[in-house]
Amino acid sequence: MSEILIRGAECLLTMNDTREELRGADVLVREGKVAQVGHGLSTSGEVVEAKGCVVTPGLVNTHHHLFQSLTRAVPGGQDALLFGWLQSLYPIWQGFGPEHFFSSAQVGLAEMMLSGCTLSSDHLYLYPNGARLEDTIHAAAELGIRFHPTRGSMSIGESDGGLPPDALVEREADILEDCIRVIDAFHDPNEGSMCRVGVAPCSPFSVSRELMRDAALLARDKGVMMHTHLAENNEDIAYSEAHFGCRPGQYAEELGWTGADVWHAHCVKLDGQEIDLFAKTRTGVAHCPCSNCRLGSGIAPVRAMRDAGVPVGLGVDGSASNDSGNLAQEARQAMLLQRVAQGADAMSAREALEIATRGGAEVLGREDCGQIAPGKQADIAVWDMSGIESAGSWDPAALLLAGPVTVRDLFVQGRQVVRDGHLTTVDLPRVIERQNRLARALMEA
Ligand SMILES: Nc1nc2[nH]c(O)nc2c(=O)[nH]1
């Protein structure tokens, strides 16, 4: 029987039902799950000393476009709003193939893991040159991160009034057929699952009403979750009003895109009625504060969403609009941005951390993740608070106020995937070298 004891944490932030914070506590992990939490625990297995560390549940990333880690800081898209930014990047993404999707997924996910993330979703919505969803699934499996890839899609090209170039869109029948293929091949609905597939038409301005509706019917028939972009900025709202004659919330509701099996990225421009709709239907939101800042989209009404009871998780979004992919920094940014909008008591560091862990797990339908409690998956982050950035701090909230932005150790399903700040599963310098070679070739093309 495999056991690991994480011993003597300076503070253990459990995120359990009473949000217990335990000083000098231990966590006993057995067969990939949390077996016991308490003081003075022992094991005949491995011991990881956590003195001087804050221990938290692994962070959960609810929105990413991993492929974009090959297009960070592209000059033409550095200072544009969403639509112009996308139009500057589509032609570059058109040149991607399977190796680009595999490499960028490894870089993006490695970055996630080093910043404390144990569960990440991904929204892959373009498939040029023979690319397939499994290019990213294989990348995640090699790294050992828990993965929720979504089969994204675009079907309305420029000539039909959509935003993407015609060469990047797919036939709707092909999209639905491939959704079925990847769900049947890779989706594991069981507790402890390491891979759950979702269905994810890209955004109202790049797919038809029919595809939105059919994708929802398919997802519900298969029992998988649904994801898309919604109400990201004013351009997005104007498109909805001009093309569909309604606001995004009404559009989503009419096409079956509300419910506990749905989560929408961004939702910066949701109004009060739409927030109530999401709360009533338990529709989730992936809040992406850094990307919203970078693209000048605005400040999402997260305080109002949380107060109304909308499930909210955090997302780093793609690395073309972040341009980083550090989930710990994203949690800090979420806290800071609500304070800019609503004042210094609008969001505490503890609440931001809750959104980044338990909140994200709830949005992704993972009751088995996001907290350190007996019976839950042993997805655990160990943060060393002995560095210069935390020197002199008084409280575990320092993790977001004055904390390290990378983990010392990380466990996914009880397996140690980061040790002393290094990934144990891949040779990171080689991963970076391959990524830079691919990026250089794209630049030269
Ligand atoms: N932030 C982002 N918004 C988007 N909308 C859309 O259609 N694609 C994207 C994207 O890649 N990032």
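Quick note: residue numbers are just sequence positions, from 1. Whatever order the structure lists them in is the order used to number ligands and atoms, beginning at 1.
At under 3.5 Å, a nitrogen or oxygen of Glu232, whether backbone or side chain, sits near a nitrogen or oxygen of ligand 1. Polar contact check, Trp93 against ligand 1: no nitrogen or oxygen pair lies under 3.5 Å apart. Not one N or O of Ser206 is nearer than 3.5 Å to an N or O of ligand 1, by distance alone.
Ligand 1 has Gln68 within reach: a non-hydrogen atom of the residue lies less than 4.0 Å from it. Within the structure, the closest approach of Gly318 to ligand 1 does not fall below 4.0 Å when heavy atoms are considered.
Heavy atoms of Leu82 found under 4.0 angstrom from ligand 1 belong exclusively to the side chain. The residue Phe83 has no part lying near ligand 1, judged by heavy-atom distances below 4.0 Å.
Every atom of ligand 1 is numbered from 1 in the order shown, and the set under 4.0 Å from a heavy atom of Tyr125 is 8 (N), 9 (C), 10 (C), 11 (O). Contact atoms of ligand 1 toward Cys202: 6 (C), 7 (O), 8 (N) (distance under 4.0 Å to a heavy atom of the residue). Counting atoms of ligand 1 from 1 in the listed order, those under 4.0 Å from a heavy atom of Phe205 are 5 (N), 6 (C), 7 (O).
A heavy-atom distance below 4.5 Å is not found between the side chains of Asn233 and Leu295. The shortest side-chain heavy-atom distance between Arg419 and Arg408 does not fall under the 4.5 Å cut-off.
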**Q.** Derivation and outcome, side chain to side chain contact (heavy atoms under 4.5 Å, CB included), residues Ile380 and Leu410
**A.** CA-CA 6 Å; Ile380 298 171; Leu410 191 74; over 6 Å; no
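Using a distance-only test at 3.5 Å, with no hydrogens or angles considered, a donor-acceptor pair links the side chain of Asp379 to the main chain of Gln413. Under a 3.5 Å cut-off, the side chain of Trp257 and the backbone N or O of Met212 do form a donor-acceptor pair.
Remark: Arg151 qualifies as a cation-pi partner of Tyr127 under the 6.0 Å distance and 45° angle criteria applied to the six-membered ring.
Considering each of Gly152, Ser203, Pro201, Pro204, the one bringing a non-hydrogen atom nearest atom 7 (O) of ligand 1 is Ser203. For atom 5 (N) of ligand 1, the choice among His229, Met154, His266, His123 with the nearest heavy atom turns out to be His229.
Looking at Ser121, Cys195, Ser120 one by one, the single match for side chain to side chain contact (heavy atoms under 4.5 Å, CB included) with Pro149 turns out to be Cys195.
No close placement of the His138 and Phe102 rings is indicated, their centers lying 6.0 Å or farther apart.
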